[in-house]
Amino acid sequence: MTLLVDFGGRHRIISYSVVLVHLSEEAIWKMPLFKRKPFDLAKPPEDLEPSDLVYQVRFTKEIFRDYQEYLNRINLYRQRVWMCKSTGKSNLTYEEAMVMEKNAIQKVQQLPNDLVAPALRIIQFSMLSLRDLADLVTKKLQKDLFVGAELYGKKDDGLYPCRVLKIVENGVGKMQYEVALLGENKKITENAILHGEDLVWKKTPFNRKILKSFIRESSCRSIPWVLHEKLAQKHGISTDLPEELRSKFFLQGGQLVNRTKKRKNENRNNVGEANGESGKSKRNKGETGKPDASKEENNQPEDEPVKYPIDDLLVKPGPDDPLFTDRPSPSRDFNVPMDCIGDLLMVWDFCSSFSRVLNLWPFSLEDFENAICHKDSNLVLIVETHSALLRILIKDDGEYSLALQNKKRKSKISLITWTEYVCDFLEMINVTELCSCMTTIKRGHYGLLDANAKLGILRELVCHALETDLIRGKLDDLIEQRRALGATVRGEALEYARKKREEKEQLKGESNGLEVKENSMESTGSNPHMAENGEENGDMVEEVISSRQSNAFVNRKQLNGQSKRGEKQKLDPKVEAENITNSNEKEAQKQLTGEKKEDQEKKSKEKREQRKEYFKREMEKRSIRTNPLGKDRDYNRYWWFRRDGRIFVESSDSKQWGYYCAKEEVDALMSSLNPKGERERALQQQLEKFYPRISLELQKRSKDLAQKIALEEAVLRRSTRVRAPPRENPANAFLKYVNKWKED
């Protein structure tokens, strides 16, 4: 089975051993909870062969054929949405919750066996909360002493460490215990018989946290707490519902059901059905004047509306569906065999993504494909590609470097000696299919190898190059740079939000200030001259009060009133004119400030958009993996490589490949996708997201192709007497390849 695996911007074949794990019932209810609910593990694929290449999750042993499904599951496990059932702690990753579950179970198992059955009897059908129940169990178990319990005994007005050896019944109803008094290093010094009240726990062998975990692990529901059926049977604990709970609960199919809740649900369903029937009958009467007799006869409920999206294979055509176009058939005119396309894309994408690290000048996919099919043994493009990958292995000081040192080869690879280094590499990996090509390569006939062998050698070189420190270091750098960019984006977003909040608060403050000012103006009067007169009048009133002459006060008050009215009559037209001019000026200022604000907002919005585009471009430059755009209803995968422009289609079994190379084909593909299906909706969203860039690349490509065709026709039309050399033909552009980044 051939798999195209994407890793670090290129693809890699990885093999995992098939391990089928059968979980017992006890292990299943110890798994972490997903959003406080049980989570089922993925079932292993059917019809697996020992030679199949699969992906396995390390800590759950789940197996996936599809890399994207495996990646989605890993990403889900890394999210902090998991909860440890034993401790109740949430906000964990799946692996953290598993480790916590394991530790909690180990602590719970430290609970003495003699105390398990009494604790379970207290838990069964208890209506207490978890905390109160744990306190009750602790309190009761402290009184139940068991053989082997280490505690302290009172003897001769002293407290000595001791261990219970035997429980003795004296027939009176009081329990006596034969204990061994312990000295240094827990050595037995003497035996004694003590009463229960003379034995004291200095530290109980369990605490509330352990008991909480024990209660959670042993029960299948809470309030009332119900033990797992097998656990109750094992310890001889009754599973019959007590009399005091039978009025509220009843057992149905082994599950405890609340009577009141069930009654409410039934009433709600009955009301809903009655409303639905009345609504239907009203509609039917309104339309036909008669009730719908066919539905009464059949007595069939109306189907519930389907909530989309659903699985693509379950989608059925509906009357409200738009007109879907026929899906265009992809082109399949590859030069290499169909089963080599995956390796061809993987090797080319790796060399393009890490061209700087490899010191390899980038080349187009078409040139690479033509070079693979060419019969020349020392083609520059092929030689430089092999040499760049081999140099990475030599610099790593790994197994290949040691093999070269043993053979005393020079570290410099040339056009003459490159095949020797390739043969050394094939000897090291010892792959039977590729080792058979060594004799042909040693004779200097590398070009005679078929495309499968050539791409097989390059695939192995890429897989080993991925494990070198140089490539891993580059990947780490890219990841760190992406994180730094992400942090910068988040920082700018937070800063923008902070500024917006400050502006809102400032506007609120200004509006409150204006209201206060208006109120004060209303109280004092809107005329500033009147305010001045008011101050003068106040001074006069103070003088009058100090003189305490009532007659003079009355006369002055009358005079002041007359003078105020006279001034008001004189100043009113002037004040009105001033107020009108002030209001006009304020309105003009408001308009200007509003226009300025709008301009500033537009400019800041443009800057933000530019920054977003910049960060997108920078993120794409630091891409570490090429993922498929998505899948269609038949699980065909769609790949888009930025450096090529075409959209490649891979069948679900990876045996067939095709591509779309025209904008019209992409438009037809998008029109054929049904958004009611989960896979096709996701694929449509990705195509819409990258559509501007895809269409731009395809338009450029179609222009280049038109120019190439025109040049080819021009070459063919030339006279046979002045025939152009083959290297001038655009189809043979790969023959002109020069590695401009080659190491000296």
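Computation of the quantities below employed the complete heavy-atom set of this structure, encompassing side-chain atoms and omitting hydrogens, waters and symmetry-equivalent molecules.
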Pair R646-L365, side-chain contact (heavy atoms from CB on, under 4.5 Å): steps then yes or no: CA-CA 10 Å; R646 288 178 287 180; L365 179 59; 3.5 Å; yes

Is there a side-chain contact between I341 and M338, using heavy atoms and a 4.5 Å cut-off? yes

Side-chain donor-acceptor contact under 3.5 Å, D367 with S364: yes

Under 4.5 Å between any side-chain heavy atoms of P330 and E665, yes or no? no

Once you round to the nearest 0.5 Å, how far does CZ of R459 lie from NZ of K454? 15.5 Å

Taking atom CD1 of I647 and atom CG of L698, what is their separation to the nearest 0.5 Å? 6.5 Å

Would you say N370's side chain and E366's backbone share a donor-acceptor pair under 3.5 angstrom? yes

Using the six-membered ring wherever Trp is involved, compare the ring planes of W640 and F690 and label them parallel, tilted or perpendicular (cut-offs 30° and 60°). tilted

For the backbone of E49 and the side chain of D52, can you confirm whether one donor and one acceptor N or O come within less than 3.5 Å of each other? yes

Do any N or O atoms from the side chain of N674 and from the backbone of G677 form a donor-acceptor pair under 3.5 angstrom? no

Do any N or O atoms from the side chain of D396 and from the backbone of I392 form a donor-acceptor pair under 3.5 angstrom? no

Is E62 paired with K43 through a side-chain N to carboxylate O contact shorter than 4.0 Å? no

Closest heavy-atom contact between L415 and N378? O-OD1, 3.8 Å

Could you tell me whether the side chain of S377 and the main chain of G447 form a donor-acceptor pair under 3.5 Å? yes

In terms of side-chain geometry, is the basic nitrogen of K676 or D321 positioned less than 4.0 Å from the acidic oxygen of its partner? yes

Shortest non-hydrogen contact between I372 and I382, atoms and distance: CD1-CD1, 3.8 Å

Ring-face cation of R332 near W657 (centre distance under 6.0 Å, axis angle within 45°): no

In Å and rounded to the nearest 0.5 Å, what is the CG to CD distance from D632 to Q684? 12.5 Å

Residues which pass side chain to side chain contact (heavy atoms under 4.5 Å, CB included) with R80, listed by chain and number, not counting sequence neighbours: N91, T93, E96

Of the non-hydrogen atoms in L735 and H374, which two are nearest, and what is the gap between them? CD2-NE2, 4.0 Å

Cut-off 3.5 Å, side chains only: do K663 and Y691 have a donor facing an acceptor? yes

Under the 3.5 angstrom rule, does the side chain of W639 hit a backbone N or O of L345 as a donor-acceptor pair? no

Does any non-hydrogen side-chain atom of C373 lie less than 4.5 Å from one of V336? yes

Aromatic plane relationship, Y660 with Y638 - under 30° parallel, 30 to 60° tilted, over 60° perpendicular: parallel

Determine, for R483 against E480, whether the closest basic-nitrogen to carboxylate-oxygen distance falls under 4.0 angstrom. yes

Atom CD of E688 and atom CD1 of I694: how far apart are they, to the nearest 0.5 Å? 11.0 Å

Salt-bridge criterion met for D339 and K655 (N-O under 4.0 Å): no

Are F734 and F363 an aromatic pair, judged by ring center distance below 6.0 Å? no

The single option from R611, R608, K612 that satisfies side-chain hydrogen bond (donor to acceptor under 3.5 Å, both in side chains) with E492 is R611

Give a yes or no on whether E433 atom CD has more than 12 heavy-atom contacts from other residues, nucleotides or ligands under 6.0 Å away. no

Is it true that S355 and S352 share a donor-acceptor pair across their side chains at a distance under 3.5 Å? no

One thing to verify: whether R472 and E467 come together as a salt bridge, which I'm taking to mean a side-chain N less than 4.0 angstrom from a carboxylate O. no

If you measure from CG on L323 to OG1 on T325, what distance do you get to the nearest 0.5 Å? 8.0 Å

Does the plane of the ring in F354 sit parallel, tilted or perpendicular to the ring in F350? Use 30° and 60° as the thresholds. tilted

Does D311 pair with R679 as a salt bridge, N-O distance under 4.0 Å? yes

Can you check whether M428 reaches H464 side chain to side chain, under 4.5 Å on heavy atoms? yes

Is D312 salt-bridged to K631, going by a charged N under 4.0 Å from an acidic O? no

Trace of the side-chain contact (heavy atoms from CB on, under 4.5 Å) decision for F368 with V347: CA-CA 10 Å; F368 184 54; V347 174; 3.8 Å; yes

Taking CD1 in I416 as the centre, count heavy atoms belonging to other residues, nucleotides or ligands within less than 6.0 Å. Is the count above 12? no

Are side-chain heavy atoms of Y400 and L390 found at a separation under 4.5 Å? yes

So W741 and P362, do their side chains get closer than 4.5 Å, heavy atoms only? yes

I'd like to know if the side chain of D333 pairs up with that of Y659 as donor and acceptor (distance under 3.5 Å, no hydrogens or angles considered). yes

Check ion pair E680-R327 (N to O, under 4.0 angstrom): yes

Looking only at non-hydrogen atoms, find the nearest pair between P45 and R65 and report the distance. CB-NH1, 3.5 Å

Does a sphere of radius 6.0 Å around NZ in K407 hold more than 12 heavy atoms from other residues, nucleotides or ligands, not counting ones at 6.0 Å or beyond? yes

Give a yes or no on whether the backbone of Y635 and the side-chain of S652 come within a donor-acceptor separation of less than 3.5 Å. no

Do the side chains of R701 and D644 get nearer than 4.5 Å, heavy atoms only? yes

State, yes or no, whether a side-chain contact exists between L458 and L389 at a heavy-atom distance under 4.5 Å. yes

Shortest non-hydrogen pair, G486 vs M619, comes out as N-CE, 3.7 Å

C351 and L358 have their tightest heavy-atom pair at CA-CD1, 4.0 Å

Salt bridge between E69 and R73, side-chain N to carboxylate O under 4.0 Å? no

Tell me whether S702 contacts the main-chain N or O of Q699 through its side chain, where contact means a donor paired with an acceptor under 3.5 Å. yes

Could you please spell out the steps behind the side-chain contact (heavy atoms from CB on, under 4.5 Å) verdict for K616 and E613? CA-CA 5 Å; K616 277 183 184 178; E613 291 297 323; 4.3 Å; yes

Without hydrogens or angle criteria, can the side chains of S654 and R637 be said to hold a donor-acceptor pair below 3.5 Å? yes

Does atom NZ (K607) have a neighbourhood of more than 12 heavy atoms from anything else shown, all under 6.0 Å? no

Quick check against the 3.5 Å criterion: does R622 have a side-chain atom that pairs as donor or acceptor with the backbone of E618? yes

Any idea how Y446 and H386 line up, ring-wise: parallel (<30°), tilted (30 to 60°), or perpendicular (>60°)? perpendicular

What's the verdict on side-chain contact (heavy atoms from CB on, under 4.5 Å) for L344 and E369, showing C-alpha distance, side-chain angles and the deciding distance? CA-CA 7 Å; L344 179 82; E369 186 181 6; 4.2 Å; yes

Taking the side chain from E460 and the backbone from I429, do they hold a donor-acceptor pair closer than 3.5 Å? no

Take the angle between the ring planes of Y94 and Y77 and call it parallel below 30°, perpendicular above 60°, tilted in between. tilted

